[in-house]
Amino acid sequence: MKSIRKFYHALAPTSSETFNYYISILRRCAIDGDICEARRAHFDMKLSGFPYLGLGNKLIDAYLKCGAVDDARKIFDEMPQPHVVSWNAMISYYIRSRRSQEAVNLYHRMVFHGVVADEYTFSCVLKAFADLGYVEEGRRVHGRLVINGLGSGNMFVGSALVDMYVKFGKLNEARAVFDQFGEKDVVLVTALIVGYVQNGEDRRAVLLFCDMVNGGVQANEFTFASVLIACGNLTELQSGMTIHGLIFKTGFECRNASQTSLLSMYSKCGLVDESLTVFSGIANRNTVTWTAMISCLVYHHREELALSVFRDMLRDSVMLNAFTLSTALRGCSTLALFEQGKSIHGSAIKIGLDRDRYVSAALIDIYGKCGRVGMARAVFDDLLGIDLVSINSMIYGYAQNSEGSKAVELFNMMIQSGLEPNHVTFTGVLSACSNAGLLEEGWRLFSSITNDHGLVPSIDHYACMVDLLGRAGKLGEAEELITKIKSPDKVLWRDIA
DNA sequence: ATAGGGTTAG
């Protein structure tokens with residue numbers, strides 16, 4: 001190799017043969033991810049006085065494919081006038097590494113230097129805006145795209161735009177972009193289906209899926225995965241099963257995403273056995289697959305089986321994430337399995353997920369249920385931010401352990417910090433009052449549901465109040481309260497009987 | 001040469 005290089009250096013440094021020689025080396029580095037060879041070639045060029053910046057695009061590409069951002073960035077910063085391809089390569093690297101802000105910064109520098117952005121640039125930078133929630137800037141760039149005539153021609157740009165508006169919750173604008181495309185491809189349609197699903201428009205998602213199939217666009221595993229969520233949310237078993245058939249017909253039955261979503265669809269439709277069948281047919285189970293199965297079993301009160309599946313998962317050394325931990329904890333919580341809960345807490349600490357808000361809420365819940373309010377409170381106090389579900393769990397913990405005044409105290413603290421309580425909060429704090437016999441406090445809270453928070457008292461809230469009044473021996477007032485409800489529930493009468 | 005969509009939880 002060395003001698004070949006010497007030979008090439010003997011030629012004029014800019015000769016096209018030398019040029020092609022380096023191009024072929026760098027291309028190979030990019031394919032093999034061979035960073036050592038890339039550095040060697042780079043060094044060689046420098047040493048021989050080869051004008052290597054002329055190959056800057058290739059060098060940057062090679063370095064980025066090897067994962068060596070810093071090397072790539074150094075070349076990039078050395079280039080007096082980087083080509084738009086270089087800018088795009090750097091920007092797309094930052095997007096792929098979820099360093100969206102750096103991508104945006106680079107884009108701004110690019111504009112400042114007068115480099116004209118192309119379709120590649122836009123498809124990347126729109127994703128960064130979506131990530132960072134930069135609504136105004138996203139809109140501005142969309143406007144510039146339209147002026148440049150790039151708005152409705154390129155499918156990559158189109159789906160990036162649809163995805164961006166979807167992430168901003170602006171479905172009408174996403175649809176407007178979508179409608180500008182005569183021919184639609186699978187990614188463009190999937191982006192909008194996902195948008196409908198994530199914004200609670202499940203019916204529209206299913207209809208769009210049908211349009212797509214009828215229009216001759218072939219769905220893939222991502223499409224199936226998204227539309228199945230919609231079927232599950234609508235508990236439309238029939239549609240779900242039709243799509244199950246379609247998955248088989250088009251050969252996507254081995255794809256993880258569509259299978260996991262299928263499992264979940266059956267779960268939401270109440271067919272646990274179907275979920276188990278789908279699960280057993282999945283060959284390469286990942287964290288999401290396992291978690292979906294455990295979650296299905298916990299939801300349908302098959303906690304023992306859920307925890308056994310969780311143990312299988314641990315035995316398989318599959319990575320756990322916050323979803324897994326919180327779901328497994330919910331399973332333990334129903335059975336009040338304190339030791340198991342503590343052990344999962346240990347795992348959470350070990351992988352640094354003990355402060356995740358879902359995990360924390362589940363921990364507070366299980367410790368509360370197991371009578372360890374102090375441990376629940378320790379998790380609560382360790383939380384980084386205020387979270388409604390965690391506060392609700394903590395209030396429930398106090399309520400279950402007859403520490404009514406502490407529940408009320410926490411409730412007041414919550415109001416002072418400006419967080420709005422919901423129905424669950426009131427059920428918790430009212431049952432705490434009931435357990436502790438805090439009559440006046442209970443009345444005050446009950447009236448504040450409507451007066452201060454604009455909520456309508458639920459049947460649970462009435463039940464708590466009736467319980468509270470009954471315990472205080474105020475049967476007359478309890479009866480009066482019941483007559484105020486338009487359709488009295490039998491439970492209420494049983495409580496004071 | 002550089003680019004777009006997905007699955008699991010209160």
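Letters A, B, ... mirror the listed sequences (proteins, then strands); counts begin at 1.
A/Phe323 places its CZ atom 13 Å from the C1' atom of B/dG6, with the value rounded to the nearest Å. Between A/Glu119 atom CD and B/dA3 atom C1' the separation is 10 Å, expressed in whole Å. Rounded to whole Å, the distance from NE2 on A/His244 to P on B/dT7 is 19 Å. When rounded to the nearest whole Å, the span between CE of A/Met313 and P of B/dT8 equals 15 Å. One can place NZ of A/Lys268 at 11 Å from P of B/dG10, the figure rounded to the nearest angstrom. One can place CZ of A/Arg285 at 18 Å from P of B/dT8, the figure rounded to the nearest angstrom. For the pair A/Ile229 CD1 and B/dA9 C1', the interatomic distance rounds to 13 Å; values are reported in whole Å. With rounding to whole Å, A/Leu262 atom CG is found 15 Å from B/dT7 atom P.
Remark: the A/Thr327 side chain and the B/dA9 base include no donor-acceptor N/O pair separated by less than 3.5 Å. On a pure distance criterion of 3.5 Å, a polar donor-acceptor pair joins the side chain of A/Asn220 and the base of B/dG5. Side chain A/Asp61 to base B/dA1: no donor-acceptor pair is found below 3.5 Å. Residue-to-nucleotide contacts include no donor-acceptor pair under 3.5 Å from the side chain of A/Arg330 to the base of B/dG10. A donor-acceptor contact under 3.5 Å is not formed by the side chain of A/Asn88 with the base of B/dA1. The base of B/dG6 lies outside donor-acceptor range of the side chain of A/Asp163, with no N or O pair under 3.5 Å. Looking at A/Thr190, its side chain comes within 3.5 Å of the base of B/dG5 through a donor and an acceptor atom.
For the side-chain hydrogen bond (donor to acceptor under 3.5 Å, both in side chains) criterion with A/Tyr367, the lone passing option out of A/His345, A/Lys342, A/Arg377 is A/His345.
With ring centers used as reference points, A/Tyr22 lies 6.0 Å or more from A/Tyr52.
The side chain of A/Asn286 has B/dT7 as its nearest neighbour among B/dG10, B/dT7, B/dG6. Ranking B/dT7, B/dG4, B/dG5 by closeness to the A/Asp185 side chain, first place goes to B/dG4. Comparing atom distances between the A/Thr291 side chain and each of B/dG5, B/dT8, B/dT2 picks out B/dT8 as nearest. The side chain of A/Ala292 lies closest to B/dT8 when the candidates are B/dA1, B/dG10, B/dT8. In this structure, the nucleotide among B/dG10, B/dG4, B/dA3 sitting nearest to the side chain of A/Tyr120 is B/dA3.
Contact between the side-chain N/O atoms of A/Lys65 and the OP1/OP2 oxygens of B/dA1 is not found at any separation under 4.0 Å. In terms of phosphate contacts, A/Lys127 brings a side-chain nitrogen or oxygen within less than 4.0 Å of OP1 or OP2 of B/dG5. Between B/dT8 and A/Ser295, no contact under 4.0 Å exists linking OP1 or OP2 to a side-chain N or O. Listed pair A/Arg96 / B/dT2 fails the phosphate criterion, with no side-chain N or O lying under 4.0 Å from OP1 or OP2.
Nucleic acid contact for A/Thr223: base, since at least one base atom lies under 4.0 Å from a heavy atom of the residue. At the heavy-atom level, A/Val194 lies under 4.0 Å from the strands shown only through sugar-phosphate atoms.
Evaluation of A/Phe222 against the base of B/dG5 yields no stacking contact (centre distance < 5.5 Å, interplanar angle < 30° required).
For the residue pair A/Asn321 / A/Asp356, no side-chain donor-acceptor distance below 3.5 Å is found, with atom types taken as modelled. A donor and an acceptor atom, one from each side chain of A/Asn256 and A/Asn284, are nowhere located under 3.5 Å apart. For A/His301 and A/Thr334, the side-chain atoms include no donor-acceptor pair closer than 3.5 Å.
Both the sub-6.0 Å distance and the 45° axial angle are not jointly satisfied by A/Arg255 relative to the ring of A/Phe224.
By the 4.5 Å heavy-atom criterion applied to side chains, A/Tyr196 and A/Asp202 are not counted as neighbours.
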